[in-house]
Amino acid sequence: MVVILFSLCVAGVTAQKNVVWFIVDDLRPQFVSYGQTFMQTPNVDALVSRSVVFDRAYAQFAVCAPSRNSFMTGRRPDRTQAFNFADDFREVGANWTTLPEHFKNHGYVTLGGGKTFHPNLPPNYDEPYSWSQDEPYYNFTDDTCDEAVSPVPPYDGRDDEICTVSNASALWDYRMASKGIEWMGKYVDRPFFFALGMRRPHLKSIVPVDVFESYPERDDDVPAQATFPRDIHNIAWCCNYSAKLNGTDVYSQGPWYQAYDNYTTSELRRGYYASVTWVDSQIGRVLTAVDNYGLVNDTIVVLHGDHGYQLGEKSCWRKQTNFELATRVPLLVSAPFLSGPKRVPYPVELVDLYKTLADLANITAPEPSVQGKSLAAYFDDSTPSEYGRFFSAYSQFDRCPSDTAVDVNNLTASDNVTAFHGGCSETAKQNITFMGYTLRTLDWRYTVWLYFNGTSLKGDWGDCHVADGFCPTELYRHGASEDLGDFERFEPTNLASQPGHAALKVKLHAQLQAHFQSDQ
Ligand SMILES: *[C@@H]1O[C@H](CO)[C@@H](O)[C@H](O)[C@H]1NC(C)=O
Ligand SMILES: *[C@@H]1O[C@H](CO)[C@@H](O)[C@H](O)[C@H]1NC(C)=O
Ligand SMILES: *[C@@H]1O[C@H](CO)[C@@H](O)[C@H](O)[C@H]1NC(C)=O
Ligand SMILES: *[C@@H]1O[C@H](CO)[C@@H](O)[C@H](O)[C@H]1NC(C)=O
Ligand SMILES: *[C@@H]1O[C@H](CO)[C@@H](O)[C@H](O)[C@H]1NC(C)=O
Ligand SMILES: *[C@@H]1O[C@H](CO)[C@@H](O)[C@H](O)[C@H]1NC(C)=O
Ligand SMILES: *[C@@H]1O[C@H](CO)[C@@H](O)[C@H](O)[C@H]1NC(C)=O
Ligand SMILES: *[C@@H]1O[C@H](CO)[C@@H](O)[C@H](O)[C@H]1NC(C)=O
Ligand SMILES: *[C@@H]1O[C@H](CO)[C@@H](O)[C@H](O)[C@H]1NC(C)=O
Ligand SMILES: *[C@@H]1O[C@H](CO)[C@@H](O)[C@H](O)[C@H]1NC(C)=O
Ligand SMILES: *[C@@H]1O[C@H](CO)[C@@H](O)[C@H](O)[C@H]1NC(C)=O
Ligand SMILES: *[C@@H]1O[C@H](CO)[C@@H](O)[C@H](O)[C@H]1NC(C)=O
């Protein structure tokens, strides 16, 4: 009896809660529990059944380095000034306390591995600041389709988008999960914060052959809308990626065409599904360890993607757009000591994670320049169900010309700008040409593409309705009753130029401009 009382006391009052944080590369909500019923994702689905699930959660920038600079620091891209693969937040935030560092400052063992920060952005995964130095950072080493992983048919080629392998334990996600389990065994007696950067479903689809073959070979797994809608300005489209299967590169003919033939489309999607199932199994190994150590009620488990993903919808592949599929991420937070399972329908943002985790772990408030909001109220049963009904989520994405076929300084709204899709990934922030800004409410998405001012690092909002008038806008209907599992039909029609929405557009435009012109 005495022993039981003692342990209740320790668990209930003084014990600090651990954190296990899965950051999964290129992960959209491709799970049974998110309506993708043909998937095999038992481990994440089990986590869903004990988590607060944020059904409308958005990345601030739909590509890796800018998004990670944002959520790892709790600052929006306009504050990190990291919009590309050249700049990182330490250039402007030399003394900022990152999210893991905040936990480290409160006595946690903070250990990281894989892609938490993007490699070298900031340098050396932010060592030594973010991590407690009990163990070295577990450096990311990407898989390659070579002897180490024992490639076997049907995709045993070295330079294909898919690679089927027989040695699963050689893959990064296996090694990352094993490292997390090893750390747990070693630091089980101290409060720990482990950030595990998982690689798949990012390309290439290097997966165990049995996982790949558990999804059928097809030639008809093609999105219902596989070309770019004509009523959306094509600056919104991205990108002309090559797809290589059987050693042959296939290129897109542009937004107005289905990017790849039906068989290639179906196989690339099959590779993504298999990658999600593979990473699900490795997440499951870590969650089993949490369970085996008896830590379920003492551990906050967080899982999300760094941004969403497109698998040929609207002729878009990968990320790098401002559309729903590229910006929306799965976001699960399990804190069973505070809350049972729940699904939150209101828009939230990855930048909210910092304050949320600090609150759930009951550590002191972050420094004032941390942005976003705490979502901790969702873990309190007394919070009204309408809480957050009017939240908005903000994202942005840049565009730079890849050639000089059009006069980029003098566009008209009807210009054909497929020439822009080279992207800005290596372009210094001062030289970015355009920025697309978007906001998501429960009911709508509104987007505007603007010239970018490389001095102020803001969109040229004043230019929108004057000068050359280049200011393409998009308006999409969403709403509480939309089918969030119907990935093929998000945002099918741009309502921006249709009659009847003028007042709404003015209102959303003002909200978007107020947000991005200030330094919120
Ligand atoms: C970081 O440096 C700035 C500029 O010197 C200062 O205003 C700010 O208080 C510092 N922040 C922290 C967390 O030390
Ligand atoms: C990780 O990479 C950094 C920078 O490249 C290097 O200094 C460090 O030694 C590496 N750590 C390990 C454990 O290999
Ligand atoms: C599989 O990979 C592991 C880890 O790299 C290695 O130790 C093992 O020898 C490999 N097994 C085979 C059969 O190649
Ligand atoms: C896509 O890229 C390929 C290879 O660079 C090129 O041949 C093709 O014309 C491009 N397509 C478009 C629509 O730009
Ligand atoms: C590709 O798939 C689409 C949609 O299922 C279908 O309409 C079309 O006929 C197919 N194309 C070919 C060449 O089979
Ligand atoms: C790849 O090769 C297989 C077997 O030869 C063939 O069935 C398939 O159509 C090829 N895929 C592509 C995309 O060419
Ligand atoms: C976790 O806590 C809940 C609520 O206090 C309790 O019902 C459950 O049995 C606990 N689970 C474990 C594994 O301790
Ligand atoms: C949170 O921390 C404060 C002081 O740091 C402590 O008084 C309080 O009991 C803690 N709350 C919970 C729920 O652990
Ligand atoms: C922009 O293009 C229009 C024609 O499309 C032309 O009349 C105008 O002079 C150009 N303006 C500049 C500043 O080049
Ligand atoms: C844009 O340019 C491409 C390539 O030149 C062409 O195929 C397409 O029809 C053009 N689209 C429009 C809307 O002019
Ligand atoms: C911006 O572009 C100009 C012209 O290409 C180049 O000279 C300059 O170095 C670039 N600025 C940065 C910061 O890279
Ligand atoms: C860009 O921003 C700077 C600093 O705010 C301002 O001085 C300049 O006029 C702006 N440039 C344009 C083209 O608006």
Side-chain angles (χ1 to χ4, degrees), residues 65-66 77-92 120-121 159-161 203 226-230 232-245 247-261 264-265 268 310 312-318 320-321 396 398-411 415-435 437 448-471 513-520:
D78 276 7
R79 189 165 288 183
T80 65
Q81 298 182 7
F83 307 113
N84 52 27
F85 287 76
D87 297 304
D88 71 75
F89 77 88
R90 286 286 177 208
E91 295 164 27
V92 294
N120 208 37
L121 294 167
D159 53 1
D160 282 349
E161 222 67 88
L203 289 171
T227 60
F228 200 71
R230 290 275 175 176
I232 307 173
H233 196 281
N234 64 13
I235 196 170
W237 178 76
C238 187
C239 289
N240 181 12
Y241 291 116
S242 73
K244 185 176 272 193
L245 287 183
T248 308
D249 268 320
V250 194
Y251 286 99
S252 170
Q253 294 174 273
W256 319 117
Y257 302 87
Q258 182 177 316
Y260 314 119
D261 65 62
T264 304
T265 300
L268 292 174
Q310 297 154 142
E313 299 88 0
K314 290 192 181 69
S315 190
C316 292
W317 281 91
R318 309 188 192 181
Q320 298 179 299
T321 74
Q396 64 198 90
D398 47 7
R399 291 275 185 253
C400 297
S402 56
D403 66 37
T404 52
V406 289
D407 179 1
V408 299
N409 295 311
N410 189 16
L411 292 171
D415 261 322
N416 186 341
V417 291
T418 52
F420 286 82
H421 299 108
C424 311
S425 53
E426 307 300 330
T427 305
K429 57 192 171 191
Q430 298 85 350
N431 279 349
I432 288 170
T433 318
F434 296 100
M435 189 71 78
Y437 297 97
V448 57
W449 295 87
L450 300 174
Y451 283 105
F452 189 69
N453 182 329
T455 307
S456 63
L457 302 179
K458 301 269 187 195
D460 197 348
W461 291 89
D463 210 26
C464 196
H465 300 292
V466 289
D468 64 10
F470 180 81
C471 177
Q513 177 168 358
H515 177 86
F516 279 105
Q517 251 184 347
S518 70
D519 184 32
Q520 316 189 354

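Counting convention: from 1, in listed order, for ligands and their atoms alike. All values derive from a computational prediction rather than experimental measurement. When a residue number appears, it is its place in the shown sequence, counting from 1.
Considering only non-hydrogen protein atoms, atom 13 (C) of ligand 12 sits nearest to D460 OD2, 4.3 Å. At the shortest separation from atom 10 (C) of ligand 11 among protein heavy atoms lies N431 ND2, 2.5 Å. The protein heavy atom nearest to atom 14 (O) of ligand 11 is A428 CB, 3.5 Å.
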Decide yes or no on side chain to side chain contact (heavy atoms under 4.5 Å, CB included) for S425 and N84, but give the supporting numbers first. CA-CA 5 Å; S425 53; N84 52 27; 5.6 Å; no
Full working for side chain to side chain contact (heavy atoms under 4.5 Å, CB included) between T433 and C424: CA-CA 8 Å; T433 318; C424 311; 5.8 Å; no
Given the rule in the side chain to side chain contact (heavy atoms under 4.5 Å, CB included) test, do R318 and L203 qualify, once you have shown the distances and angles that lead to the verdict? CA-CA 9 Å; R318 309 188 192 181; L203 289 171; 3.6 Å; yes
Report the C-alpha distance between F85 and N120 in whole Å, list the side-chain angles of each, state the deciding distance to 0.1 Å, and finish with yes or no for side chain to side chain contact (heavy atoms under 4.5 Å, CB included). CA-CA 9 Å; F85 287 76; N120 208 37; over 6 Å; no
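For ligand 4, the atoms closer than 4.0 angstrom to any heavy atom of N240 are 1 (C), 2 (O), 3 (C), 8 (C), 10 (C), 11 (N), 12 (C), 14 (O). Which parts of ligand 4 touch S252 is read off a 4.0 Å heavy-atom cut-off, strictly below it: atoms 1 (C), 10 (C), 11 (N), 12 (C), 13 (C). Within the listing of ligand 4, atoms 13 (C) sit less than 4.0 angstrom from a heavy atom of G254. Listed by atom number, the atoms of ligand 11 under 4.0 Å from Q430 heavy atoms are 13 (C). The distance from ligand 12 to the heavy atoms of S456 drops below 4.0 Å at these ligand atoms: 2 (O), 5 (O).
Atom 4 (C) of ligand 11 lies below 4.0 Å from none of the non-hydrogen atoms of the protein. Distances from atom 7 (O) of ligand 12 to the protein include no heavy-atom value under 4.0 Å.
By the SG-distance test at 2.5 Å, no disulfide connects C238 to C316.
With respect to F83, the ring-ring contact (aromatic ring centres under 6.0 Å, His included) criterion is satisfied by exactly one of F434, F89, F452: F452.
At a threshold of 4.0 Å, the pair D160-K244 does not count as salt-bridged, since none of the basic side-chain nitrogens sits closer than that to a carboxylate oxygen.
In this structure, W461 has its ring center closer than 6.0 angstrom to the ring center of Y437.
For ligand 12, the polar-atom distance check against N453 finds a nitrogen or oxygen pair separated by under 3.5 Å.
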